[in-house]
Participant: 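Attaching a single structure in structure tokens format; questions to follow.
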Amino acid sequence: MSIKIVYFPAPGRVEPIRLALILGGVTFEDQRVSSEQWGALKKVVEPKQLPLMYIGDKVIGQSAAQMRYAGRISKFEGKPLYPTDPLLALQVDEFVDYVSEMHGPMATAFKMQNQDEKRAFRAKAFATGGDIHKWISYVDSLLGKSRSGFAVGDHLTIADLATFCWYQPLKSGFFDGLPVSCFDEFKNIEAHKRKIASIPAVKAYYAEPKMFMYNHYQ
């Protein structure tokens with residue numbers, strides 16, 4: 001059954017889905033649209049938000065659901081990226097939810113028109129005790145307890161891909177108010193990033209030119 005993903009030319013919420021499918025050797029079409037193209041497409045599709053996943057003749061919204069599906073159909077080194085064991089799957093969902101806690105504050109900042117206010121808001125969110133800092137700190141502590149170096153269990157899951165893809169763009173230098181050093185204190189997240197980045201298929205994917213607004217693979 002054919003799979004197509006539609007999203008902007010950015011990593012964003014869809015990047016863990018792309019990586020899951022790539023690591024699983026699943027063939028898919030990666031359609032990256034401009035704001036203008038999305039404006040036209042939005043008039044004729046449901047749901048009216050990105051990313052969209054086309055599976056045969058079905059259109060699926062919601063990136064978290066798409067990521068779990070991609071994890072279910074993708075295997076890495078013989079093991080599914082979304083566990084079949086219910087308890088492990090629950091732990092993966094829990095970890096992903098902790099990682100995604102940053103999206104609320106980041107979305108709030110995106111909507112701000114005043115650049116000074118935006119920078120100040122982000123700086124506060126990343127300061128000790130801030131809305132983003134507390135969740136990054138917690139995820140860092142969870143990774144510090146891992147004996148395998150993976151987020152959950154002893155092998156790669158979508159929880160690792162979510163962590164890698166959703167945190168690294170924040171230190172890309174693309175976002176006003178967030179210096180590239182904003183993750184320096186989080187040694188476990190940095191070690192985890194290096195672990196995922198060293199996977200040959202991940203390294204090969206980012207070695208190719210990407211139509212991204214910023215490069216978070218640094």
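Quick caveat, the model's predicted, so the values are computed rather than measured. Position 1 is the first residue of the sequence, and the numbers go up from there.
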Participant: Going by the angle between their ring planes, with limits at 30° and 60°, are Y98 and W135 parallel, tilted or perpendicular?
Facilitator: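 It falls in the parallel class, under 30°.
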Participant: Looking at F28, is K4 sitting on its ring face, NZ or CZ under 6.0 Å from the six-membered ring centre and within 45 degrees of the normal?
Facilitator: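 Because its charged atom misses either the 6.0 Å distance or the 45° angle limit, K4 does not stack over F28.
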Participant: Show me the pairs that pass side chain to side chain donor-acceptor pair (under 3.5 Å) and involve residues 63-88, at least two apart or across chains.
Facilitator: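 Counting only pairs at least two positions apart or across chains, the side chain to side chain donor-acceptor pair (under 3.5 Å) contacts touching residues 63-88 are Y82-D93.
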Participant: L21 versus I73: any side-chain heavy-atom pair under 4.5 Å?
Facilitator: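 They are in contact (side-chain heavy atoms under 4.5 Å apart), so the answer is yes.
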Participant: Determine whether L81 and L87 fall in the same hydrophobic cluster, where Ile, Leu, Val, Met, Phe, Trp and Tyr are linked whenever their side-chain heavy atoms lie under 4.5 Å apart.
Facilitator: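 The answer is no; the residues belong to distinct hydrophobic clusters.
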Participant: Can you sort out the partners of K187 under side-chain contact (heavy atoms from CB on, under 4.5 Å), two or more places apart, ordered by chain and number?
Facilitator: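 Once residues adjacent in sequence are excluded, K187 has no partner under the side-chain contact (heavy atoms from CB on, under 4.5 Å) criterion.
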Participant: Counting only heavy atoms not in K48, do more than 12 fall under 6.0 Å of its NZ?
Facilitator: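 Buried by this count: over 12 neighbours within 6.0 Å.
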Participant: Answer yes or no: is there a side-chain heavy-atom contact under 4.5 Å between I3 and E29?
Facilitator: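 Not touching, per the 4.5 Å side-chain cut-off.
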Participant: Among residues at least two apart in sequence or on other chains, which ones pass side-chain hydrogen bond (donor to acceptor under 3.5 Å, both in side chains) with D97?
Facilitator: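 Here no residue qualifies.
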Participant: Would you call D160 and F95 a side-chain contact if the rule is heavy atoms closer than 4.5 Å?
Facilitator: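 A side-chain contact under 4.5 Å is absent here.
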Participant: Would you indicate whether the side-chain heavy atoms of I136 and F126 approach each other to under 4.5 Å?
Facilitator: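 The answer is yes, as the side chains (C-beta and beyond) meet within the 4.5 Å cut-off.
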Participant: Test of understanding: clusters of I, L, V, M, F, W, Y form through side-chain heavy atoms closer than 4.5 Å, transitively. Do L90 and L142 belong to the same one?
Facilitator: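 No, because L90 and L142 fall into different hydrophobic clusters, even though each may have its own neighbours under 4.5 Å.
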Participant: With the side chain counted from C-beta on, respond yes when W166 and M102 share a heavy-atom pair under 4.5 Å apart, and no when they do not.
Facilitator: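 A side-chain contact under 4.5 Å exists here.
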Participant: Are the side chains of V45 and L52 in touch, meaning some heavy atoms are under 4.5 Å apart?
Facilitator: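 Contact flag for V45/L52 side chains = yes.
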Participant: Salt bridge check: are D116 and K118 linked by an N-O gap of less than 4.0 Å?
Facilitator: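 Looking at D116 and K118, the cut-off is not met.
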Participant: Looking at residues at least two apart in the chain, or sitting in another chain, which of them share a side-chain hydrogen bond (donor to acceptor under 3.5 Å, both in side chains) with S148?
Facilitator: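 Result, side-chain hydrogen bond (donor to acceptor under 3.5 Å, both in side chains) vs S148: S146.
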Participant: Should we count CD of E185 as having more than 12 external heavy atoms under 6.0 Å?
Facilitator: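 Counting neighbours around CD of E185, more than 12 heavy atoms of other residues, nucleotides or ligands fall under 6.0 Å, so yes.
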Participant: How far apart are the C-alpha atoms of R13 and E15, what are their side-chain angles, what is the distance that settles it, and do they pass the salt bridge (charged side-chain N to carboxylate O under 4.0 Å, His left out) test?
Facilitator: CA-CA 6 Å; R13 290 176 178 263; E15 193 73 346; over 6 Å; no
Participant: For S137, which residues count as a side-chain hydrogen bond (donor to acceptor under 3.5 Å, both in side chains) partner, sequence neighbours excluded?
Facilitator: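 Scan of S137 (side-chain hydrogen bond (donor to acceptor under 3.5 Å, both in side chains), adjacent residues dropped) gives H133.
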Participant: For residues 123-149, which residue pairs qualify under salt bridge (Lys or Arg N to Asp or Glu O under 4.0 Å), counting only residues two or more places apart or in two chains?
Facilitator: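 Qualifying pairs: none.
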Participant: Can you check whether I196 reaches H192 side chain to side chain, under 4.5 Å on heavy atoms?
Facilitator: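 Side chain of I196 against side chain of H192, heavy atoms only: contact under 4.5 Å found.
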